[in-house]
Amino acid sequence: MTDQHTEEKKAVPNDPETVEKELEEVGFIAPPDGGYGWAIVASSFLLNMIVDGVIFTVGKILQPAWVHGFNISEASAAMTMSILSGFYFFVGPFASALCNVFGCRQVALAGSIIAAVGFLLSIPAPNIYVLYLTFGLIAGAGFGMMYLPAIVIISQYFAKKRSLATGIAVCGSGIGTTVFAMLNDVVWDFVKKDWQQFLIYTSAVTISGFAAALLLRPLKASQSQIEKVAEIVENYEEHKVPESPTLSKHNTPFLSSLELHTAGKHTNGVHRNGSVKSIIDAVAKDVEELNRPLARMDIFYTGSTTNIAARSRTGTMNREEAAEHLKNLRDNLREDTPQQYLSKQELNIADNGTIKNVEEKSVMRDIGQALKNLLDRQLLGSPSFLLLALSGTLTLCCFYVPFIYLGNHLDKIEGLTVAEKSFTVSLIGVLNIVARIGCGYIADRPDVSALVVNNIALIMAGLATMTVPFYTAYWQFLVFCVPFSIGVACFAALRSVIVLELIGLEKMSNAFGILLTFMGVGAVIGSPMAAAMKDYTGNFDTSFYCMGALMAISGAMCIPLGTLRKWEMNRASKTDAKTEVELQKLTDAEKTDSSK
């Protein structure tokens, strides 16, 4: 009789946690994995093409013009491009927060306008310091606001086919580098080497991203979805057992939020158990929040969601443990679904957990909360994560140097045309496309360690960069493009996969925001360091030696990451176990005292 009663209790549809799961299943907007999603991919492709195409190619034209035009050092001129690329990363967490509040399309549209205006404001700049603000900070922030939405929205439209969709979209980076490396030279000659007129062209290219951003249509819940959620809540409210108004915000956040808003309508004089239509507006807002970008823990993961469980924390396992992990998943026939990666949203309720005195939401509070969630201070106390972040800083120190300064070494070879010199950058773009497709294949193979592939690629790219000053023939420069392109592609494409392998999905969004900040630091200091070495030595040989060494070191220093992370997790487990034992002793002591 007791067992039967227990089974009946489990089957009750108004159990809060059961209702929570049902609400999430109904309210969650499943990625269509196709349809209009391919228009989203096309838009993301174009935005990547514009942003990376400009960042990777205009420096080699504009920096020499600024050196001669303002009569300044190479390092001072390089700072302009480095601020542009640095703020492209720095603004990432803020752009993510804006996407969470306003939507990807609005942020990308605003970004294209801001970047274009930044370039136009640079035209009358009287000195290089004004360019730091207009060309670097303003345009860089605009580019960051164009890039982030283009990546984030793909995760909303694709789950199983996400790796393919992301791979196609980021190929825009390689295409942009290839096209603009050749087109810029033609425009440069057309404007008679006038950098101010060239900026009009750059601004025109950038504002074309406005048209691409218009395609970033947000996914919307259907009216039937909203009505179904409202019906479930209405039914739950009618039949639940009267209890304390305290909200269960840890286990049932979506249900609690819906209760909060329907309770608010009740206090405003609307009968809570009335028509379903009376709570449609309140429910629609909560469904929208459930489907915000940062409500998904996998929003920054670029691989297929079907491999998340197989990838998660495999970087802390040895080969035998990883193989056993994959075997268990296959034996259990476990298939990941997008709903299981929903992040539990925070509710704006009073400290005592009641539905009274609820704080009204505001745009600034939402942005602040999103930024707070992205920049998790706990990760900054993790040695393994800090090592990964520092590695990213060192990689970005070298990242842009060959794009800007490779042409200076090509000047040693007599008889080369401008087109032949530009072809090396175009070739890097083409090879980058091929390498990114390969990275997409790796991302969908959990048995291949993304960390190992990344480390090898960065070490090879760094060593190749160090050999550039020794080249005496054109074909040697073309050969250099192969390892460097692979290193750049692996670093860019496998970053989220590596975070999943080492940190796990729960902290991925937090890790992404911090990693962008560290990479921004590398982007800002890298090119000026290389230019300063040229100013001091008279050539770029030392620059390529040092920057290449930094990239090789960035790969080598990540080799022990898996072992370090495993040690860190074991130490945390022992600490937790010790704390639990001590708490148990205190509890036992209190019981003993009370019995006396």
Side-chain angles (χ1 to χ4, degrees), residues 52-53 55-61 63-64 74 171 173-189 395 397-439 453-493 526-527 530-531 533-534 537-555:
D52 285 347
I55 289 178
F56 287 141
T57 63
V58 300
K60 70 184 184 68
I61 287 178
Q63 283 187 202
E74 288 277 0
C171 279
S173 174
I175 295 292
T177 304
T178 302
V179 171
F180 289 115
M182 295 183 290
L183 181 60
N184 289 350
D185 290 328
V186 176
V187 174
W188 185 239
D189 289 336
T395 301
C397 284
C398 177
F399 203 87
Y400 295 103
V401 170
F403 288 101
I404 300 173
Y405 299 120
L406 191 62
N408 294 84
H409 283 290
L410 284 165
D411 289 337
K412 297 184 296 185
I413 303 175
E414 297 181 359
L416 288 182
T417 63
V418 173
E420 287 174 323
K421 292 179 182 178
S422 297
F423 179 71
T424 54
V425 177
S426 296
L427 181 60
I428 291 175
V430 172
L431 294 172
N432 185 275
I433 296 170
V434 177
R436 288 198 182 226
I437 293 173
C439 289
V453 173
N454 174 79
N455 295 343
I456 294 173
L458 288 179
I459 292 171
M460 290 176 60
L463 293 176
T465 303
M466 294 175 68
T467 64
V468 168
F470 299 104
Y471 297 166
T472 57
Y474 184 60
W475 66 268
Q476 294 171 328
F477 287 90
L478 299 182
V479 172
F480 157 77
C481 295
V482 177
F484 182 75
S485 300
I486 294 173
V488 167
C490 288
F491 175 80
S527 295
M533 292 175 194
K534 186 268 179 184
T537 63
N539 58 59
F540 281 97
D541 291 358
T542 305
S543 304
F544 274 74
Y545 296 148
C546 293
M547 295 299 109
L550 290 179
M551 180 170 271
I553 291 171
S554 74

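The basis for the numbers below is simple: all heavy atoms, side chains too, and nothing from hydrogens, waters or symmetry mates. As the structure is a prediction and not an experimental result, all values here were calculated from the model.
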Closest heavy-atom contact between [X] and [Y]?
X	Y	result
Tyr545	Pro469	CE2-CG, 3.5 Å
Lys60	Ala181	NZ-O, 4.3 Å
Thr424	Lys421	OG1-O, 2.8 Å
Thr177	Thr57	O-CG2, 3.7 Å
Cys398	Thr465	SG-CG2, 4.1 Å
Ile459	Ala552	CG1-O, 3.6 Å

Reported [atom1]-to-[atom2] distance for the pair [X] and [Y], which is rounded to 0.5 angstrom:
X	Y	atom1	atom2	value
Asn432	Ser426	CG	OG	12.5 Å
Ser422	Leu410	OG	CG	9.5 Å
Ile404	Ile55	CD1	CD1	10.5 Å
Met182	Phe423	CE	CZ	8.5 Å
Thr395	Ile553	OG1	CD1	10.5 Å
Asn408	Lys534	CG	NZ	7.5 Å

Quick check, are the ring centers of Phe544 and His409 under 6.0 angstrom apart?
yes
Taking the side chain as every heavy atom from C-beta outward, state whether [X] and [Y] have any pair of such atoms under 4.5 Å apart.
X	Y	value
Met547	Pro402	no
Val58	Phe180	no
Leu406	Val468	yes
Glu74	Tyr405	yes

Output a table of donor-acceptor pairs, distance under 3.5 Å, between side-chain atoms of residues 476-492 and any protein atom two or more places apart or on a different chain; print 'none' if there are none.
unit_1	atom_1	unit_2	atom_2	d
Gln476	OE1	Thr472	N	2.6
Gln476	OE1	Ala473	N	2.9
Ser485	OG	Ile428	O	3.3
Ser485	OG	Cys481	O	2.5

Out of Phe399, Phe403, Tyr400, which one pairs with Ser527 under the side chain to side chain contact (heavy atoms under 4.5 Å, CB included) rule?
Tyr400
Step through the shown structure and confirm whether more than 12 heavy atoms of other residues, nucleotides or ligands are within 6.0 Å of CE on Met466.
yes
Keeping Thr467 on the side-chain end and Ala464 on the backbone end, is there a donor-acceptor pair under 3.5 Å?
yes
